[in-house]
Amino acid sequence: MEMLKRPIGIYLIAVAVAVAVHFVLDPVIYDWADGETPPLWLVLDALMVIGLVLAIILSCQAKRAADAMESVDVRQYVRANVSFYVAAGLLLLLLWNIVQIDWAAGEQAPDSQVWVVIDTVLPLLFFSLGRRLVREG
């Protein structure tokens, strides 16, 4: 897994930049009145899910290492736990909203405010985690 840290870090940084830029430009590019989800967002959603799974796996390893330390390094402990729980929470929110795009029962629709939370927090998480992985790799 050590040799994959750098490529995964680069992937996370690339997805973070893509999501952040697309999120900022979204109101200028798309007319959401028609109710259709733009195809680029669907591609970014898939990339975000893959990135979140990778983030959970890597932060879980860091969390285990931090939990197993005999002398507590508070910074490492907090970083590992925050990364893990933020990634897990974002994955749950993302999957919940993705399911509502096409498979919701009844008249449910994805919550746009949840997308705002996801699209602002995810780039911050991915960029910081990706930068750390690139340095370690």
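From Leu52, atom CG reaches atom CG of Leu95 across 8.0 Å, with rounding to the nearest 0.5 Å. Annotation: the span from Leu92 atom CG to Asn97 atom CG amounts to 12.0 Å, rounded to 0.5 Å. Within the model, atoms CD1 of Ile57 and CG of Leu4 stand 11.0 Å from one another, a figure rounded to the nearest 0.5 Å.
Remark: Asn81 pairs with Lys63, Asp67, Tyr77, Tyr85 by the side-chain contact (heavy atoms from CB on, under 4.5 Å) rule, at least two apart or across chains. For Val28, the side-chain contact (heavy atoms from CB on, under 4.5 Å) test picks out no residue, with sequence neighbours left out.
Within the 4.5 Å cutoff, the side chain of Leu90 has no heavy atoms near those of the Leu94 side chain.
For the ring-ring contact (aromatic ring centres under 6.0 Å, His included) condition, the pairs that include at least one residue of residues 5-26, sequence neighbours left out, are His22-Tyr30, His22-Trp41.
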Could you list the donor-acceptor pairs under 3.5 angstrom formed between side-chain atoms of residues 116-137 and any protein atom two or more places apart in sequence or on another chain?
from   : atom 1 : to     : atom 2 : distance (Å)
Thr120 : OG1    : Val116 : O      : 2.9
Thr120 : OG1    : Val117 : O      : 3.1
Ser128 : OG     : Leu124 : O      : 3.1
Ser128 : OG     : Leu125 : O      : 3.1
Glu136 : OE1    : Lys5   : NZ     : 3.1

All N/O donor-acceptor pairs, side-chain side in residues 42-50, below 3.5 Å, sequence neighbours left out:
none

